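The next block holds one structure in the form of structure tokens; read it before the comments.
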Amino acid sequence: MSAVLVIFYVLAGLAVLGAVTLILQSHPIHSALSLILVMVSLAGLYLLMGAEFVAAVQIIVYGGAVMVLFVFVIMLLNAGEEEHTSFSKLARFAGIPLALALAGMIAAAIARSSAHLPAPAMSGALTSTKRLSMLLFSEFVYPFELTSFLILVAIVGAIVLAQREGN
Amino acid sequence: MVPTNYYLILSAILFGLGVLAFVFKRNIITIFMSIELMLNAVNLAFVAFSQARGQSDGEVFVLFVIVVAAAEAAVGLGIIILTARNRRSLNVERVDLLKL
Amino acid sequence: MPILEHLWIVPLLPLLGAAINGLFGKNWSKTVVNSVALGSTGISFVCALEAVREFLEYFAQYHTGFRKEFFDWIVAGSFRAGFDLQLDQLTVVMMLVVTGVGFLIHIYSTGYMAHEGGYYRFFSYLNLFMFFMLILVMAANYSLLFVGWEGVGLCSYLLIGFYFLRKSASDAGKKAFIVNRIGDFGFMLGLFLLFRAFGSLDFNTVFAKAATWQPDAMGHYGTITIACLLLFVGATGKSAQLPLYVWLPDAMEGPTPVSALIHAATMVTAGVYVVARSHVLFLHAPTAMYVVAVVGCATAFFAATIGLVQSDIKKVLAYSTVSQLGYMFLGCGVGAFGAGIFHLMTHAFFKALLFLAAGSVIHAMGGEQDMWHMGGLGKKIKITFWTMLFATIAIAGFFPFAAFFSKDAILFAAFNSPDGGKALYTVGLLAAVLTSFYMFRLMWLTFGGEKRYDEHHVHVHESPLNMTIPLMILAFLSLTGGWVAAPALWGGKNYFAEFLSPVFGSAEVGGEASASLEHTLSYVAMAAAFVGLAVAWRMYSKKVERGTSTGLHKILYNKYYVDELYLGAVVRPLMWLSTNVFWKVVDAGVIDGTVNGVAQGAAAVGDTVRHTQSGNTRSYAVWVIVGAIVIFAIIFWPLFSPVLSGGVR
Amino acid sequence: MVPQAADIVRVLPEIIWCVFGVLLMLLQPYVKNRQVLTFFGMLGAALGTLSTFLGHMGSGFSGLIQFDIFSLFFHWLLGLVAFLVILAADSYLERENLPAAEFFALILFATAGMGVLASAQELLTAFIGLEMSSIASYVLAGYRRDSVKSSESAVKYFLLGSFATAFFLYGIALVYGATGSTNLVRIADADPGSNLLRLGLALILVGLGFKVAAAPFQVWTPDVYEGAPTPVTALFAAGPKAATFALLLRIFTTIHAATEFWFWAFWILAVVTMFVGNLGAIVQTSVKRMLAYSSIAHAGYTLVAFAAVRFLSTNSEIGPWPAYAAVLFYLLGYSLVKVGAFTIVSEIGGQGERHLTMDDFAGLGTRQPFAAAAMTVFLLSLLGMPITAGFFGKFYVFKAAIGSKLIWLAVLMTINSVIAAYYYLRVIVVMYMREHKGEMPADTALSLSPTAAMVVVVAVAATIYLGLFPNHILGIVLSQNLFASR
Amino acid sequence: MELSGHLLSVVIFFPALGALALLFLRGDDALWIRRLAFVVSVAEFLLSLIMLRGVAIGAHGYSLVEYKPWINSPPINYHLGVDGISLFLVILTTFLTPLCVMASWKGIHHRIKEFHVMLLLLEVGIIGVFLSLDLFLFFLFWEVMLIPMAFLIGIWGHDRRIYAAVKFFIYTMFGSAFMLIGILWLYNLTTSLDLPTIQAYLQSNPAALSHRTEMLLFLSFFLAFAIKVPLFPLHTWLPDAHVEAPTAGSIILAGVLLKMGTYGMIRFCLPLFPDAAHRAAPAVAVLAIIGIIYGALVALVQPNLKKLVAYSSVSHLGFVVLGIFTFNAISMQGAVYQMLAHGISTGALFFLTGIIFDRRHTYEISEYGGLSTPMPKYAAFFLFVALASMGLPMLNGFVGEFLILLGTYQVHWTWASWAALGVILSACYLLWAYQRVFFGEVTHTKNKELPDTDSRELWGLLAFAVVILWMGIGSPFFTHRIAAPVDTVIEQTKPHFAEEAARPAARPAVRSTSVVFDGRVVSR
């Protein structure tokens, strides 16, 4: 059993652990922290696959910006323990089994059908990043530009929604 | 060497856990987190595939997804704040004025 | 030949009168209305006479009936119903009876109805009736005949219900129409069958084809028999035979002239006319003939028995009419069509007379109809008395009055008819006894004995001339009418039969029977009449009181409870069924229940659907998951996806 | 690889829409007059739509987008919808006293996103477009900040929407994994037998099915439609749905395997959707919510045409064109009607959208003859009565279904249209055959505001025109080169 | 004449113009609205009479044809044409409409303008149905006509009007939706929506439809028509619709709308699907006969005059259906004639009931009695019409009924015998009702002073009476024109399997009991 595989298992375990705790934690803050755990471990996995740039972005944008935003909002609304209502009979009785069933189906299908794929080739970091930027500004320039508008929309939206009454 | 489908299965599991979290959690913010979790699972799949195929497209997609996620986060949290302001609760189950 | 070419004038004139009176007569004086009504009928009578004269010339020339098509009335595919009129000896007889008697009754009515409301209405109806009756007898095909057939029914409906303020009157009218419809049901089917068999409803065609009709394998004239029976069903309705006679007695609700014209002289004889007219068919349908004979005979007796005990003067006459019609059918049934028609004619005279006289009595009594409240009128109203006596003697069948010859001819024919003739004869004879009994009973109760009414309230007075003159004319006719067909042995000669022979041809049976037999039979008949007279004299000549009716008398008095039977067995159940099963259950319950039920069901389902819309985001998420699972199931289910079974590529 | 000018021109509509969105934001501080902003918004919508004429057919950005009659048609549809919604919103914003600039900007951004969706030939681009429209929509749904309902609809739309998006995205990932590309054309070349691809397509179907409100993904629709500001509801009912159908159709046409995979899925989705929509609508008391349900039902009808594609494309000489035409025509007629109907609803709703129940519509025939008449036309069109666009829409769907031997589907659709008759009729009955109970609320406008009236007039005219002379549109949607060959 | 090029279009759309013109009048100006509407409808009537010149006696096929391409795909054409059958139905419509305007002169008080607009639009729809030769066009008019009718019932009707209107709408919609499927399916098989084309196609290759397909198609059309007629189990919308509808509505409904069903059967069900028609005939006939007797019996016990007339329609239309499904020239001509006759006499009956409703605002028979004392003229007309409706010779009702029964008897004597019972029953319910309403003393003091028919009503009734008489005596005028098209239909309805199965064409004249349960007998 190679070291790489060990690392994989460790990181994967951490990721799953994080996801599970996200579910089990009853306070939003804890859930947020466990989500950060997932993200970080995923970043690790990206590195393991040799996608350094993505790993970096994952840490910076996700782990940094987005999650901070989350935590900030949680603080702002000082959301406490979530109350364990279950008005939804459906979710209460059918929800979890169904969700698990779905996950099972997807996992099974993927496991059955993706065995033939070759293992990730750890390409050199720089080259991969270079290719990345090439793609981004040549082939995918259109979506790339669109994302700028997307962010603009987000900003406008945020302003509209968050701005106080009687601006 | 780690076979690609390990990564894929992991992503499937994470995605499933995200779905589970969505139906399991009550706090709107946490539910939103579970969505982020699902997106992360997707990213993992993307990266795994692109690496497996020796392409970089997948990683580009990941970048896009991250950006979109960020944008969604901005708007989503705005909406959440709005709701929290309108009704003093973050419990999604208490947001059920519109029904039937 | 002016009139003959324009034969339509004869029926049309009354129609014109009817239209004019009906539309404008409301505000006219009686005299104007009279002149229109009498004028139209009178002229049409004259035209009829002229037409007859011309016809006789025509016949002498061509030896065939006259026939003319005026316009197409219905044309569809191979079917044609034209407004075709015809004239032959049979029609001539009927036509003259209708117009002649009709005219007399019109005159009578001007007096009788003088004080009634709706005067113009009455005459317009009466004229309308004349029109339809003439159409009936002059029609040259069954479809046009059916027009008259239905039309006279309508008029009788209108005239019976003339006093529509009286519920009994309107009931009677309705009853008459509906019972007739039941008959017509059969009649129509008969026509359909004829058309099916002969491809036409034209008399000439039908009879021509029928004459050469071949019996089918079993040696039956199946179709024709059925057709004849169906026609006869119609006849029983119109001519009040068993079992459809019930409407006629009630029909006496109408004004008396109406009873005289429609329910004695003319309309009710339509059935007989049709049978006689279709004699060619009937001769091919022995079974049908036999049925006709039996029914006629039975009716004659049955009705007579009821007539024995009735207390209403018109009711007695009504049942007597039914009974006499029975005789006519008996005659036709045993093949003596000529005799039947002959009796029809004489009956028209004396029965019309009887009714009119009765009317004059009622008129004199100020509307009283119960014979138990009369008596001793003989001295008060002489003309009425004598004329009515004539009629009574006539109907009772005393030599040399009309019915003696006609009834005799029928009974004689019956006696000679091959199968069961004797039985028919005996029953007929009994009926004759009863007839003379109830007629003389009527006479004594009305005119004889003590008066049983209160002088101070009733001022008996003879009717005016315009009423009595028709009486006298009819009296004369019923005295002499018989002689046109007096058998040789009474020093007469059967002109009538001779006259009709072109129509019935060899149809006349029994003619060749031995003179001696005929002799004896007629004595027997006369004896029978005497028996009736004697019994009546024994019972009613002296002072009498109305007894409490019990036992048989009661049954007879209540007409065997036939009406009650029909009511209970047919009418009521039908109504109940329609209301409580068809309408309330099937319609409202089953069908509409289903319809509305479906609607409510949809709404109910909708309600459950909307309750999945709990408003709870978690549930919604679960729904999404469910959907996802379903889609996976579908896409990965080999059954569904042809791809897995190598569908694509 | 570097984009040419031609590519830019091919996406000109999106660019113009976005630019005008930005422009509005820039103007907002200076222009206080709402009408001006309205005008700018409409101008943007119009210009964007017209700019489609400049670009000529062909794929742009190395195959990311496909600019053909199909996308042109949808750009027109979306532009028209945006135009009408902006016009209709004018009076609404005044009544509710809401900031106009952002509203119009968001509408334009959303429209741009939909435009991308309509012309995208590459899944990731489509995803971006979808997100653009969705995020804008989330915000629009919650635009009445002080209203509890509005914010709730925003939350629900946002949460469930992103949930569905995640599925969609995962689907894309798997398809990418299976085929090594996200470009439909290249996906089409890949081996259709692979389970991974099939799974991916299934997940994509989940995502898109959610957007078009196909049962059982329809759950969000009634709540969101009811809570959102009515003009926005109009937009939702018309725009995103059309755009998403466009993407679905594009996938259908390009990836033949998809039609095979999805056939039974669509069959069942169609039936369930029709029944859920119609049966749900029967029991509604709020006209707005009833229309929401009805739009679910109509999604179902449209799906019937999709189900027809498979048979036609394989077994008939004419090919799947009738089915495509049915979808396009149906969407056109449907969108116009919905916009018109919701406009009327928003006008009747009055300040704070307080008069949305059937009773509020009682006696409308006498109070506001014009509005009532127009509403009747719309309802009859939704019901599929002749001489309205809706009739031909339904007619062509029927035709496609029967043409592909889907008799049972057709019969079920028939039964549904009868059910539908019941509740559409109810509104008409209420408007004309009932009198309004109680005193008239003061603030219900005695007649439509001029802008709204304009929208209604346009919608009515278009509906009837399409109902009488569908030839022109048919000429477009039936053209054999609807999708420019690669 | 120049007009003849577009005569049919003119006839169809002239009322629409009238409706448009009405819209320009002031809503409260009742008198002029009524006058205009009346003038328009009368003018329309005269216009439609011009068609008589266009249709040659004995002409097979369609006259005054108009043909314009309308929609490219599927090829839908604006294809109009008239033959002897549709000719008179159109004239019937145009004849009844002015009388409807008259009938609503007093009865309609609110939204007068809308009322007359609806009435005229209804006329457009109906005439369109009768004249269109393109299945799509036919369906279009068929549906369009629903809306104004539903409005007429729903807005100007009586207490339960909304229930009735919705019921009417949904019932019909249900049927027609299936018809749409049928139409499209047929298009799918023949690639045409043009009636003559499809006709020719199916005639030339009878194998085009499998037996099952043909039967299904037949049913899909037949259901729609059977609901409209209405045939026995589908009739329950009719009484409600009639009782609730305003007088004018009832007149048009009973007078013409029901005929659309039977017309459809003649025009589509039979010629297009002969085999299926023959196979279905026994079942249909049984339903028709049940309808005849059942309708009559239920009518017999109705306490509500209008409902009584409504059920009588069920009974009478049963005759028509029976006549159609015996595939016999006589009976089918009878059926067409009965359609017209029933249109007139039932229209008149509703006109009459409307008159007393205007005076007393009730249809309950028990509310009346002894009316012939205060209103003799009215009573006379009522009797006249009632007699016509119960089929008295020399009045219009007789000819149709007689021909139907006569023709039917030639093929299936048992059917005819059962149906003939209806003749008895019709007398029963009409006369009984008449007695209860008009005879006897006046029971309700309210009725003592009822005014007799005024001149307007009198003229309306006279118009009816004249036509009733004319149709009763001068029937050849109509049948000559009807004959040829009917023969065509029967020719086209000859079943294909008749040739296949070599069976003795001519059956023995009598004892054909076996015929009854076997629709295969080809008449003539």
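Quick caveat, the model's predicted, so the values are computed rather than measured. Chain letters run A, B, ... following the sequence lines, proteins first, then strands; residues in each count from 1.
The environment of CZ in Phe79(C) is crowded: more than 12 heavy-atom neighbours from other residues, nucleotides or ligands sit within 6.0 Å. Summarising the local packing, CZ of Phe93(A) is surrounded by more than 12 heavy atoms from other residues, nucleotides or ligands at distances under 6.0 Å.
To the nearest 0.5 angstrom, Tyr620(C) atom OH is 11.0 Å from Leu90(A) atom CG. Note that CZ of Arg92(A) and CG of Asn616(C) are 12.5 Å apart. Values are rounded to the nearest 0.5 Å.
Taking both residues in full, the closest heavy atoms of Ile629(C) and Ala101(A) are given as CD1-CB, 4.3 Å, listed atom of the first, atom of the second, then distance. Shown here for Ala628(C) and Leu102(A), the closest heavy-atom pair between the two residues is CB-CD1, 3.9 Å. Nearest approach of Ala633(C) to Met105(A), heavy atoms of both residues: N-CE, 4.3 Å.
Contacts between Ser614(C) and chain A at a heavy-atom distance below 4.5 Å are absent for every atom of the residue.
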